[in-house]
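Here the structure comes first, spelled out in structure tokens, and everything after it is commentary.
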Amino acid sequence: MKKFQVITLFPEMLEGVLNSSMMWKAQKEGLVSFELINLREFGVGPRQQVDDTPYGGGDGMLLRPEPLFAAVKKAKQNDPTAKVVLMTPRGERWKQSVAREWSQVDHGYIFICGRYEGYDERIVTLVDKQVSIGDYVLTGGEIPAMAIIDSVVRLIPGVLGGEASAEIESFSDGETLEFPQYTKPAEFEDLRVPDVLLSGNHAEIAKWRQENSLKSD
Ligand code: SAM
């Protein structure tokens with residue numbers, strides 16, 4: 001069973017996502033387990049402080065190293081072979097081919113979610129991979145961690161209903177976007193489903209789908 005641990009100041013943000021739909025099913029079927037590690041529990045001093053001002057000046061606060069190191073140590077005790085992944089706009093851009101690779105390895109992952117202006121850079125000494133989900137800045141690493149976990153878990157064999165559905169979807173070959181799809185009714189507010197899809201001619205349908213798949217940029 002693959003274990004996904006997330007170090008975060010806001011575990012409640014992940015609870016809904018990880019306990020719904022395919023993520024819930026994957027847990028129920030014993031294919032994955034999730035553990036949320038609250039960084040606040042490793043805070044410094046009586047106020048359990050997790051952040052402080054940056055050396056050299058500048059706006060905002062950074063996550064301090066001591067709580068981050070202690071939380072990673074705890075996560076490694078739970079799962080010694082797990083790889084540590086840091087959510088950061090400076091990381092390697094996430095993509096479907098990497099999600100597929102990660103779904104096939106037999107070790108777990110520990111995600112570190114940054115907050116505020118980021119984290120003390122010394123944490124990178126514990127990190128195996130730095131990942132970004134795109135060229136924009138979010139408030140914290142929780143949404144990136146959820147996006148990555150979802151994209152990996154749904155590709156673990158047995159999670160999706162039909163294994164084929166992951167084979168033919170967008171980016172499965174690294175670049176092609178899936179063809180448009182329709183369901184009942186065949187006509188809705190003067191909008192008709194393309195005739196070929198109603199024809200029952202499987203060869204023509206396959207040809208139409210191929211022609212209507214797009215290459216991504
Ligand atoms: N000051 C940082 C900068 O300019 O790069 C941004 C910090 S951001 C407000 C807080 C945290 O959110 C980051 O440390 C990171 O963990 C996470 N984050 C924000 N955008 C992200 C992205 N595109 N991919 C991955 N993580 C991101």
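Sequence positions, counted from 1, serve as the residue numbers for this chain. Order of listing sets the numbers, starting from 1, for every ligand and every atom in it.
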With respect to Ile112, determine whether any N or O atom, backbone or side chain, lies less than 3.5 Å from an N or O atom of ligand 1. no

With atom 18 (N) of ligand 1 as the reference point, say which of Cys113, Gly140, Gly118 has the nearest heavy atom. Gly140

Give the contacting part of Asp135 toward ligand 1: side chain, backbone, both or neither, where contact means a heavy-atom distance below 4.0 Å. neither

Are any of the N or O atoms of Ile133 closer than 3.5 Å to those of ligand 1? yes

Roughly how far, to the nearest 0.5 Å, is the CZ atom of Arg90 from the CD atom of Glu121? 4.5 Å

Looking only at protein heavy atoms, which one is nearest to atom 21 (C) of ligand 1, and what is the separation? Pro89 CG, 3.8 Å

Could you tell me whether Pro144 and ligand 1 have an N or O pair separated by under 3.5 Å? no

Thr139 contact mode with ligand 1 (heavy-atom cut-off under 4.0 Å): backbone

Proximal atoms of ligand 1 relative to Leu138 (non-hydrogen, under 4.0 Å): 8 (S), 9 (C), 10 (C), 12 (O), 19 (C), 20 (N)

If you scan the protein for heavy atoms around atom 4 (O) of ligand 1, do you find one that is closer than 4.0 Å? no

If you measure only the distance, is there a donor-acceptor pair under 3.5 Å linking the side chains of Asp79 and Gln5? no

For ligand 1, which atoms sit closer than 4.0 Å to a heavy atom of Glu117? 1 (N), 2 (C), 7 (C)

Do any nitrogen or oxygen atoms of Met87 come within less than 3.5 Å of a nitrogen or oxygen of ligand 1? yes

Are any of the N/O atoms in Tyr116 less than 3.5 Å from those in ligand 1? no

Could you measure the distance from the NZ atom of Lys3 to the CZ atom of Phe34? Nearest 0.5 Å is fine. 10.5 Å

Please report whether ligand 1 has a polar contact with Thr88, defined as an N or O pair separated by less than 3.5 Å (distance criterion only). yes

Side chains of Ser151 and Trp94 only: does a donor on one sit below 3.5 Å from an acceptor on the other? yes

Anything under 30° is parallel, anything over 60° is perpendicular, the rest tilted; go ahead and classify Trp102 against Tyr109. parallel

Output the list of atoms in ligand 1 that are nearer than 4.0 Å to some heavy atom of Val137, sorted by atom number. 6 (C), 8 (S), 9 (C), 20 (N)

Any salt bridge between Glu178 and Arg209, counting N to O under 4.0 Å? no

For the 3.5 Å polar cut-off, considering only N or O atoms, please tell me whether Tyr119 and ligand 1 meet it. no

